[in-house]
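Quick notes on the structure that follows.
The shown structure was predicted, so the numbers you read here are calculated from the model rather than taken from an experiment. Here is the naming used below: chain letters follow the sequence lines, and residue numbers restart at 1 for every chain.
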Amino acid sequence: MSDLYDPQSIEARWQQYWRDEGTYEVDNDDPRPPFYVLSMYPYPSGPAHMGHVRNYTMGDLLVRYRTMRGDGVLSPIGFDSFGLPAENAAIQTGTHPRINTDANIEALSASLRRIGAVYDWRRMVSSHDPGYIRWTQWIFLRFYEAGLVYRGEAPVNWCPGCQTVLANEQVLPDGTCERSGDLVDRRNMEQWFYRITTYAQELLDDLDDLDWPEKVKIMQRHWIGRSEGAEFGLPIADADGMARTDVEPLGVYTTRPDTGFGMTFAVLSPEHPRVDELTTDDRRGVVEAFRSSVAGRSEIDRLSTGGSLDKRGVATGARVVNPFTGEAIPLFLADYVLMTYGTGAIMAVPGQDQRDWDFALAHGCDIVRTVQPPPDFDGEAYVGEGPAINSAFLDGLGVADAKAAAIAWLEAEGLGRGTVKYRLRDWLLSRQRYWGCPIPVVYCDDCGEQPVPLDDLPVDLPNDVEFMPTGRSPLMTHEGFLNTTCPNCGGGARRETDTMDTFVDSSWYFLRFADPWSDGAPFTAGAADRWLPVDQYIGGVEHAILHLMYARFFTKALADLGVAPPGLREPFRRLFTQGMIRLGGTKMSKSKGNLVAPEEILDRQGADALRLAHLQVKPPQEDVDWEDFGIDGCAKFLARVWRLAVPGGPLTADARTGVSTDADEVIDRETHRLVARITDEYDRWSYNTAVAGFMEFTNTLYRWVQADDGPHGPTLDSAVDTLLMVMAPAAPHLCAELWERRRGGHVHTVAWPVADPDKLVDDTVTMIVQVNGRVRDRIEVPVDIDAATAEAAALASVRVQGFLAGDPPRKVIVRTPGLVNLVV
RNA sequence: GCGGACGUGGCGGAACUGGCAGACGCACCGGCUUUAGGAGCCGGCGCCGAAAGGCGUGGGGGUUCGAAUCCCCCCGUCCGCACCA
């Protein structure tokens with residue numbers, strides 16, 4: 001063994017040790033208090049990139065720290081191994097996705113080990129394991145049985161590049177696919193959905209109690225988009241403008257029922273089922289032309305076009321009756337009214353809605369204000385608070401009161417009712433691709449749609465497939481897969497060829513980790529009860545909506561079905577979102593080709609230096625530029641610790657005399673302060689300052705070691721040992737190696753040190769003396785100094801007297817023992 | 001447009017509850033080691049000023065004995081969401 005710091009040799013050795021010894025394996029009957037640390041399920045794209053390193057370094061630090069604190073820490077790992085990249089690669093190279101995926105999992109696993117991240121590898125799962133597929137399908141079928149899955153025709157987002165449909169969440173604001181970047185178009189297709197909207201209210205309410213970044217909670221609230229309003233009918237008007245009683249009224253939804261008296265027209269979505277019925281013959285041609293011009297456009301395109309409103313809507317020729325005023329008002333179609341929100345029809349109130357205002361001007365409709373704007377208001381539509389006007393029985397009421405009164409009136413008249421709507425829509429889970437979890441349903445000519453019996457799971461993917469350059473799923477033409485028997489009648493049937501969105505796989509993996517050996521259920525409720533919810537979940541903010549919302553839905557649904565413990569309402573108690581790594585000002589990503597490979601750094605400076613650099617460079621939750629990383633500085637620091645701590649080294653304590661000096665007391669206090677400080681910083685994710693703490697303490701030790709009147713050997717030894725303990729979660733290899741050489745045994749299994757509170761305060765402190773808030777002197781005083789003595793000491797200062805100019809201070813503020821402020 | 005985060009030396013950042021602004025690191029400068037250093041150790045390092053001292057946390061105002069921190073207005077950067085009825 002060399003006495004020089006040689007990360008390569010020690011890191012490989014300890015990585016092997018942790019694996020061989022099973023140091024971080026934890027059983028479900030472990031007597032220690034359970035603590036579940038989880039980093040987000042990675043997609044295995046090959047060796048780890050810097051983003052992985054950052055994520056898994058944070059997680060690993062916590063795993064090791066909590067273990068030293070005495071917890072039985074569950075630290076599992078698995079791989080989100082289904083998905084398009086592997087299938088696209090298969091299309092290009094002809095290699096089956098399973099082969100690439102397995103190789104990538106191996107590569108990523110090796111990377112994680114190389115950065116020193118430790119897991120209970122016995123619990124590893126991958127989405128494409130038949131044993132995992134089985135339970136993903138089992139959950140689907142249980143949801144199916146419970147009515148949480150349905151198949152329905154719906155306008156969907158079709159990505160021509162991916163040859164599949166996408167969930168709304170997977171379409172970017174500019175209307176392109178988040179994966180391929182292709183422009184998504186809109187078509188009607190028969191698809192599978194998870195009924196996530198059943199849980200909309202609970203998903204919203206339960207956010208309040210989660211210890212998550214406020215930013216993520218706000219994003220989720222917005223995505224769920226609860227709104228309160230009223231739904232009511234607009235009677236269809238006859239030629240005289242009178243309400244017809246022989247035709248169903250047109251249902252509209254509004255959040256502003258208080259402005260009903262200002263409704264001067266109404267607007268229908270172009271795909272509304274009643275367009276044909278209501279359009280008058282003279283308008284039919286124009287309406288049809290408008291409808292077909294809108295038909296091909298994606299929802300996002302329709303909602304984000306800024307074009308002038310006269311082109312974006314047409315009159316139907318029909319009129320409806322405003323039930324508030326009894327007047328007949330025109331009915332239009334407009335592209336921005338969507339069939340998928342509310343009732344697909346709106347009442348338009350130009351006085352209180354700018355878009356309606358603009359539309360009214362473009363189409364010659366009346367404008368009536370029903371909320372009194374303030375005197376200085378010079379805008380057009382007024383959306384603020386104010387008393388109702390021109391509104392009969394609502395006049396004078398504020399917005400909230402007027403809303404309530406309007407709803408009460410609608411209900412009393414039998415016209416409508418108060419309602420709550422959500423922006424959240426059901427989760428479209430089917431994908432027309434091969435490399436995903438097959439949807440376990442068959443279609444029988446006689447019995448129709450039939451779920452696959454639970455005992456027949458898993459429905460696995462056939463391996464003998466050919467990938468077409470078109471991207472069309474090979475399942476659609478694979479006779480062996482397609483042909484099956486009906487579980488109901490035993491006759492011939494065809495399998496569903498759609499597979500599941502990969503977000504399904506990541507919606508329950510954290511539960512499987514609790515008991516991956518379970519063979520009678522996806523996990524045992526007891527194990528889930530023990531470990532869940534995850535005490536600390538760690539990942540990227542890019543999953544703020546999709547993954548986290550879906551996982552929350554699954555957890556709630558599984559609990560309600562009795563699969564998960566009934567009290568388990570949320571999967572992740574605490575969430576930490578770490579920042580991303582940029583290079584040259586842009587996000588590092590494979591597609592941008594600006595990746596910095598961790599391997600070179602691991603080869604040269606080692607895993608501990610890379611980990612430390614990630615921790616030190618910035619607060620963990622912030623984005624960071626790769627240019628700002630100080631790997632060399634961290635490597636240099638680690639070598640400094642090595643020289644200080646390695647037995648027989650140039651600076652180690654055994655070279656010193658055994659004579660105790662005053663320095664012993666000082667260094668002992670410093671050591672206790674270090675423990676208190678690092679413990680606090682670890683607890684609040686202040687890893688960058690923790691690294692500063694290691695460095696400061698090391699600098700202090702260096703000065704003492706080289707001082708003539710420094711501490712004696714045992715005191716210094718104890719200080720160095722403590723440094724190794726508190727650094728062990730951050731730089732595990734170096735600390736394990738030095739600890740073993742100095743003390744024997746394993747630093748990661750010793751108890752976390754505890755600071756003696758008495759040693760955290762000195763007998764004296766430096767008291768600041770200010771004159772008019774400016775620091776003028778510093779005086780060393782006893783910690784228990786009283787106010788009068790402190791004031792006297794401040795006034796006695798010669799430096800201070802120079803600023804008082806002989807006059808007594810007008811006012812004296814004393815904050816013992818730290819500060820005296822003299823005001824003149 | 002709406003929502004959020006943020007703005008501190010040459011650079012990344014620190015200052016947790018209103019009380020020493022600039023910890024720690026990088027870069028730079030100097031010294032030591034008989035000095036081969038891209039090694040090691042020690043020291044310096046906000047700006048102006050010879051000094052005393054003054055000025056300093058994006059800009060402007062305010063609260064306070066005291067503000068990087070709290071309040072108001074403005075400017076700028078980044079990130080979400082975006083014609084949702």
Side-chain angles (χ1 to χ4, degrees), chain A residues 173 213-219 221-223 225 227 229 252-256 266-267 269 299-300 302-307 309 312 334-338 340-349 353-356 358-359 421-425 541-542 544-545 579-580 582 585 612-613 616-619 621-625 627-634 636-637 639-640 643 650-651 680-681 684 686 688-699 702-703 705-706 766-778 802 809-815 818-824:
Chain A
E214 204 50 39
K215 171 183 172 177
V216 175
K217 294 207 267 187
I218 289 167
M219 285 165 74
R221 285 195 192 102
H222 184 261
W223 191 262
S227 69
V252 294
Y253 171 71
T254 180
T255 55
R256 293 296 303 272
V267 189
S269 167
E299 190 166 297
I300 283 142
R302 280 168 53 180
L303 290 181
S304 56
T305 303
L309 283 169
R312 300 184 56 192
D335 62 353
Y336 60 79
V337 177
L338 307 176
T340 44
Y341 189 81
T343 60
I346 62 168
M347 70 174 210
V349 186
D353 183 291
Q354 188 61 43
R355 187 190 54 205
D356 291 346
D358 294 338
F359 195 94
K421 293 250 184 262
Y422 302 89
R423 201 183 78 118
L424 182 72
R425 309 211 191 137
V541 73
E542 65 272 19
I545 293 173
M580 65 179 187
R582 291 176 305 225
L612 213 59
Q616 184 219 25
V617 63
K618 238 183 173 188
Q621 66 278 11
E622 287 176 31
D623 290 349
V624 56
D625 289 317
E627 289 84 351
D628 294 328
F629 273 66
I631 309 275
D632 288 335
C634 290
K636 200 171 102 180
F637 165 72
R640 231 164 116 79
R643 286 192 299 274
L651 293 169
D680 176 55
E681 286 169 330
R684 57 188 180 88
S686 188
N688 54 330
T689 58
V691 174
F694 306 151
M695 291 175 169
E696 257 173 86
F697 189 70
T698 302
N699 290 344
Y702 259 72
R703 281 189 286 270
V705 156
Q706 295 172 88
T766 305
M767 184 176 79
I768 304 304
V769 185
Q770 299 178 331
V771 177
N772 290 337
R774 312 286 317 235
V775 178
R776 296 305 181 185
D777 202 3
R778 297 174 171 84
R810 282 195 296 117
K811 191 171 177 183
V812 181
I813 288 100
V814 183
R815 293 282 180 276
L819 177 128
V820 174
N821 188 13
L822 306 170
V823 186
V824 294

Could you list the protein-to-nucleotides 35-40 of chain B atom pairs, N/O on both sides, closer than 3.5 Å?
from: B/G40; atom 1: O3'; to: A/R643; atom 2: NH2; distance (Å): 3.1

Any N/O pairs under 3.5 Å between the protein and nucleotides 28-32 of chain B? List them or say none.
none

I'd like a table of atom pairs between the protein and nucleotides 44-54 of chain B - only N or O on both sides, under 3.5 Å - with the distance next to each one.
from: B/G54; atom 1: OP1; to: A/R776; atom 2: NH2; distance (Å): 3.2
from: B/G54; atom 1: OP2; to: A/R776; atom 2: NH1; distance (Å): 3.2

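Rounded to whole Å, the distance from CD on A/E542 to C1' on B/C81 is 17 Å. Put simply, CD1 on A/I545 is 12 Å from C1' on B/A82, counting in whole angstrom units. Rounded to whole Å, the distance from CZ on A/R582 to C1' on B/C79 is 10 Å. Rounded to whole angstrom, the span from the CG atom of A/D625 across to the C1' atom of B/C78 amounts to 11 Å. In this structure, CD of A/Q706 is placed 8 Å from C1' of B/C42, rounded to the nearest angstrom. Spacing between atom CZ of A/F637 and atom P of B/C26 amounts to 11 Å, rounded to whole angstrom units. A straight line from CD of A/Q621 to P of B/G4 spans 18 Å, rounded to a whole angstrom. Between A/H222 atom NE2 and B/C84 atom P there is a gap of 9 Å when expressed in whole angstrom units.
For A/Y253, no side-chain nitrogen or oxygen approaches OP1 or OP2 of B/A85 to under 4.0 Å. Contact annotation: A/R425 side-chain N/O to B/C84 OP1/OP2 distance is not under 4.0 Å.
B/G58 and B/G54: their C1' atoms are spaced 22 Å apart (whole Å). Spacing between B/G18 and B/U64 at atom C1', rounded to whole Å, works out to 9 Å. Using atom C1' as the reference point in both B/G3 and B/A82, the two lie 10 Å apart (nearest Å). Taking atom C1' on both B/C47 and B/C41, the two are 31 Å apart, rounded to the nearest angstrom. B/U57 sits 29 Å from B/A50 when the C1' atoms are compared, rounded to a whole Å. Here the separation of B/G19 from B/A27, taken at their P atoms, is 33 Å to the nearest Å. One P atom belongs to B/G60, the other to B/C75, and the distance between them is 15 Å to the nearest Å. Distance check on atom P: B/C24 versus B/C42 gives 13 Å, rounded to whole Å.
One finds the CG atom of A/D353 at 9.0 Å from the OG1 atom of A/T254 (value rounded to the nearest 0.5 Å). Here CD of A/E622 is found 8.5 Å from CG of A/N688. Values are rounded to the nearest 0.5 Å. To the nearest 0.5 Å, atoms CE (A/M695) and SG (A/C634) are separated by 5.0 Å. We find the CZ-CE distance between A/R256 and A/M347 to be 8.5 Å, quoted to the nearest 0.5 Å.
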Expected string for nucleotides 5-24 of chain B under the B/S/- scheme (protein heavy atoms, under 4.0 Å, primed atoms plus P, OP1, OP2 as sugar-phosphate) is -------SSS-B--BBS-BS
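Two residues are said to be in side-chain contact when any heavy atoms from C-beta on lie closer than 4.5 Å; A/F694 and A/Q616 fail this criterion.
Where A/A345 and A/G630 meet RNA chain B, the nucleotide closest to each residue was compared, and A/G630 sits on the side nearer the 5' end. Comparing A/T343 and A/C634 against RNA chain B, the residue whose closest nucleotide sits nearer the 5' end is A/C634.
Residues passing the side chain to side chain contact (heavy atoms under 4.5 Å, CB included) test with A/R703 are A/N699, A/T700, sequence neighbours excluded. With sequence neighbours left out, the side chain to side chain contact (heavy atoms under 4.5 Å, CB included) criterion links A/A345 to A/L250, A/V252, A/L268, A/H272, A/T343. Partners of A/F629 by ring-ring contact (aromatic ring centres under 6.0 Å, His included), not counting sequence neighbours, listed by chain and number: A/H614, A/W626. In this structure, the side chain to side chain contact (heavy atoms under 4.5 Å, CB included) partners of A/R815, at least two apart in sequence or on a different chain, are A/I813, A/L819. Considering only residues two or more places apart in sequence or on other chains, A/D628 meets the side chain to side chain contact (heavy atoms under 4.5 Å, CB included) condition with A/V617, A/D625. Residues satisfying the side chain to side chain donor-acceptor pair (under 3.5 Å) test with A/K215, not counting sequence neighbours, are none.
Aromatic ring pairs are classed by plane angle as parallel below 30°, tilted from 30° to 60° and perpendicular above 60°; the pair A/Y253 and A/Y341 is perpendicular.
Applying the side-chain hydrogen bond (donor to acceptor under 3.5 Å, both in side chains) test to residues at least two apart or on different chains, the pairs with a partner in residues 767-777 of chain A are A/D777-A/S797.
A donor-acceptor pair under 3.5 Å is formed between the side chain of A/S269 and the backbone N or O of A/V337.
For A/R221 against A/E214, the heavy-atom pair with the smallest separation is NH1-OE2, 3.6 Å. Closest of all the heavy-atom pairs between A/M219 and A/A544 is CE-CB, 3.7 Å.
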Watson-Crick or G-U pairs under 3.5 Å in RNA chain B, rendered as dot-bracket with [ ] for crossing pairs and | for another strand:
(((((((..(((......[....))).(((((.......))))).(((....)))..(((((..]....))))))))))))....
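Classified by its glycosidic torsion, B/G44 falls in the anti category, the angle being over 90° from 0.
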